[in-house]
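What follows is a set of notes on a single structure, which appears directly below.
Everything numeric here is computed off the predicted structure, so don't read it as measured data. Every number for a ligand or one of its atoms is a count from 1 in the order of the listing.
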Amino acid sequence: MPRDIYTEFANTGLGRSLTKNLGLPQPAKLRRHRPGRALVEGPVVVLGSSEASAALAERMLGWDLDVRRHIGPKEKVAAVVACFDSVSTPAQLSAVVLELGSLLRQLMPSGRVITVFRDPAGTEDPAVRAARSAVQGLTRSTAHEMRAGGTANGIVLSDSLDASAPGAAGALRFLLSGRSAFVSGQFISVDTVNGALPNDWDLPLDGQVAVVTGAARGIGAAIARVLRRDGASVILVDIPAAGEQLAAVANEVSGTALQLDITAQDAGERILAHAAQHHGRLDIVVHNAGITRDKLLANMDEARWNSVIAVNIESQLRMNRAFLASALFNADAHGGAGMGPRIVSLASTSGIAGNRGQTNYAASKAGVMGMVAATSAQLASRHGTINAVAPGFIETEMTARMPLATREVARRLNSLNQGGLPVDVAETIAFLASPQAGGTSGLTLRVCGQNLVGA
Ligand code: NAI
């Protein structure tokens with residue numbers, strides 16, 4: 001893993017005063033999740049007098065958090081949950097917005113702002129939609145203004161959903177926690193009452209069986225580790241050439257290794273056969289394996305174009321067909337004890353914003369987002385979900401190979417002024433694979449520190 005020497009320096013006493021005086025970026029050390037660590041380390045202030053504000057305050061009291069409706073001007077605040085779910089005109093936003101603004105200076109390092117509102121697309125009333133859309137704008141701008149590793153994100157509830165639904169609480173808990181350290185300026189939609197809150201928040205995937213492709217190194221290995229930490233048994237897939245590394249990671253997470261090129265026509269069937277033989281079930285699929293073959297379009301050749309499309313999207317479409325046709329990939333097959341099957345796929349911010357030299361890669365990753373949106377109906381009929389995660393700049397072997405100056409610029413081009421870690425992507429994937437995210441499907445969630453490119 002490449003060192004980020006600037007961030008290390010900026011977190012020393014001298015570095016802090018120097019970067020401040022010179023007006024340089026001030027990347028903070030982000031508060032990340034550790035099992036057993038407190039969810040937040042200070043009071044959580046809930047603003048608004050809506051249905052969601054009452055339901056979410058009650059949830060948080062159940063988690064033994066120090067929940068407040070008001071707080072003194074000198075007290076530190078760990079998080080603010082600003083509820084806008086009852087607004088029906090933009091003029092009604094001001095009371096909660098101004099209260100939120102007055103609390104921002106009291107936020108602790110890695111503080112959280114979480115807005116809660118109803119889906120703008122759920123209404124045809126121009127004033128109501130304007131008010132709901134306005135919350136998106138204010139959330140994104142607040143995220144740009146956060147300091148000291150703080151983030152701002154939103155939870156978008158569909159109109160028919162009761163705010164006490166497990167998915168709303170699940171999204172709230174993820175956004176409050178260190179699991180979402182590198183997620184900022186983003187929105188988690190909760191559309192259905194599906195899902196359930198785990199008995200043990202440190203082991204939300206207890207008893208589940210997951211497969212991770214491209215698990216021999218990088219982000220895939222981090223995903224395998226986090227899924228294991230959260231209680232899942234993991235099947236690790238990678239190409240035969242990476243067999244040694246794959247076996248090492250599989251050993252580390254007490255998982256099973258399957259050497260397989262995912263572009264094989266029968267890749268899905270082979271994963272199912274392995275799962276049946278070694279684990280007797282399959283609950284979670286993480287499509288992580290991916291490749292880049294960068295070239296300007298004017299210089300693009302058939303091999304570069306075809307290989308990226310084949311690995312990054314065609315293989316996933318083919319494997320999903322096999323999984324969805326199988327009784328093994330179905331909670332009901334496990335006596336209803338499961339949580340409904342989960343698929344999480346790796347997209348990229350390149351697929352959202354486009355990137356010079358990456359027409360093939362951006363096409364494949366935009367394809368992933370389209371596939372996820374279109375497959376959610378099929379998963380819904382099994383109480384399952386499918387979502388994508390789009391990482392921004394992540395500190396991996398791939399980004400370590402970038403020229404120093406390019407890498408330095410890319411690292412600072414987001415609201416947190418630093419690159420994310422593979423574990424940040426893995427935490428978001430583990431969240432989407434968990435029972436508490438059962439109300440969220442068809443979504444692409446960015447893990448990019450609010451990357452300014454394509455924002
Ligand atoms: P990586 O290149 O370090 O690891 C990818 C793994 O996939 C390797 O172990 C490779 O052997 C395996 N793989 C490649 N083709 C395969 C095939 N046909 N069958 C089976 N396994 C295969 O990549 P990294 O950085 O860990 O990325 C993982 C995913 O995250 C990819 O989908 C990538 O596009 C995506 N991503 C990464 C970002 C980053 O900053 N590193 C940013 C945005 C997205």
Within the distance-only criterion (no hydrogens, no angle test), does the side chain of R412 pair as donor or acceptor with the backbone N or O of N417 below 3.5 angstrom? yes

| message | Can you confirm whether N199 is buried at CG, in the sense that more than 12 heavy atoms of other residues, nucleotides or ligands lie under 6.0 Å from that atom? | response | no

Honestly, for T396 the part within reach of ligand 1 (heavy atoms, under 4.0 Å) is side chain

Nearest non-hydrogen protein atom to atom 43 (C) of ligand 1, with distance, is P391 O, 3.5 Å

Quick note on ligand 1: atoms under 4.0 Å from a heavy atom of G218 include exactly 26 (O)

NZ/NE/NH1/NH2 to OD/OE distance under 4.0 Å, R229 and E427:
yes

Atom 5 (C) of ligand 1: closest protein heavy atom, distance to 0.1 Å, is G290 O, 4.0 Å

Please say whether more than 12 non-hydrogen atoms of neighbouring residues, nucleotides or ligands are located less than 6.0 Å from CZ in R37. yes

For A310, is the nearest heavy atom under 4.0 Å from an atom of ligand 1?
no

The closest protein heavy-atom partner of atom 39 (C) of ligand 1 is M398 CE, 3.5 Å

**Item:** Check: V156 main-chain N/O paired with R118 side-chain donor or acceptor under 3.5 Å
**Value:** no

Nearest non-hydrogen contact to atom 16 (C) of ligand 1 from the set I239, V425, L258 belongs to I239

* Asked: Is there a side-chain contact between T256 and L236, using heavy atoms and a 4.5 Å cut-off?
  -> no

- Query: With a 4.0 Å cut-off on heavy atoms, does T213 reach ligand 1?
  - Reply: no

Exercise. What is the ring orientation for F117 with F187, classed by angle as parallel under 30°, tilted 30 to 60°, or perpendicular over 60°?
Worked result: perpendicular

If we number the atoms of ligand 1 from 1 as shown, the ones under 4.0 Å from a heavy atom of I394 are 39 (C), 40 (O)

Here the atoms of ligand 1 under 4.0 Å from any heavy atom belonging to G392 are 40 (O), 42 (C)

* To do: Would you check whether N288 has a nitrogen or oxygen atom less than 3.5 angstrom from a nitrogen or oxygen atom of ligand 1?
  => yes

Is R293 close enough and on-axis enough to W305, meaning under 6.0 Å and within 45°, for cation-pi?
-> no

Contact region, L346 to ligand 1, non-hydrogen atoms below 4.0 Å, reads side chain

Could you tell me if T115 and T139 have a donor-acceptor pair between their side chains, going purely by distance under 3.5 Å? yes

Counting heavy atoms under 4.0 Å, the part of Q245 that contacts ligand 1 is neither

query: Contact between A215 and ligand 1, counting heavy atoms under 4.0 Å?
result: no

Notebook entry, point to check: Would you say ligand 1 has an N or O under 3.5 Å from any N or O of I219?
Noted result: yes

- prompt: If you measure from each heavy atom of R217 to ligand 1, is any distance below 4.0 Å?
  reply: yes

For atom 19 (N) of ligand 1, the closest protein heavy atom turns out to be I262 N, 3.0 Å

shortest atom 7 (O) of ligand 1-to-protein heavy-atom contact is with G214 CA, 3.3 Å

The atoms of ligand 1 lying under 4.0 Å from a heavy atom of D261, numbered in the order shown, are 17 (C), 18 (N), 19 (N)

The atoms of ligand 1 lying under 4.0 Å from a heavy atom of L260, numbered in the order shown, are 19 (N), 20 (C)

Would you check if the side chain of S364 reaches a backbone N or O of I309 as a donor-acceptor pair within less than 3.5 Å? no

One finds that the ligand 1 atoms under 4.0 Å from a non-hydrogen atom of A347 are 44 (C)

> Protein heavy atom under 4.0 angstrom of atom 23 (O) of ligand 1, is there one?
Replying inline: no

The atoms of ligand 1 lying under 4.0 Å from a heavy atom of S348, numbered in the order shown, are 43 (C), 44 (C)

- Item | Ion pair R225/D230, N-O distance below 4.0 Å | no

Is the closest N or O pair between Y361 and ligand 1 shorter than 3.5 Å? yes

Point to revise | Contact (N/O only, under 3.5 Å) between T263 and ligand 1 | key: no

Review point. Any chance the side chains of H144 and S415 put a donor and an acceptor closer than 3.5 Å?
Key: yes

inquiry  = For a side-chain hydrogen bond (donor to acceptor under 3.5 Å, both in side chains) check, start with the C-alpha distance between D191 and S189, then their side-chain angles and the critical distance, and finish with the verdict.
reply    = CA-CA 6 Å; D191 302 322; S189 316; 5.1 Å; no

Subject >> Backbone N/O of I386 and side chain of S441: donor-acceptor pair under 3.5 Å >> reply: yes

The single option from V44, L104, L107, V40 that satisfies side chain to side chain contact (heavy atoms under 4.5 Å, CB included) with V77 is L107

closest protein heavy atom to atom 11 (O) of ligand 1 is D238 OD1, 2.6 Å

Exercise for review: Give a yes-or-no answer on whether the side chains of H287 and N320 include a donor-acceptor pair shorter than 3.5 Å.
Suggested key: yes

Here the atoms of ligand 1 under 4.0 Å from any heavy atom belonging to I291 are 14 (C), 15 (N)

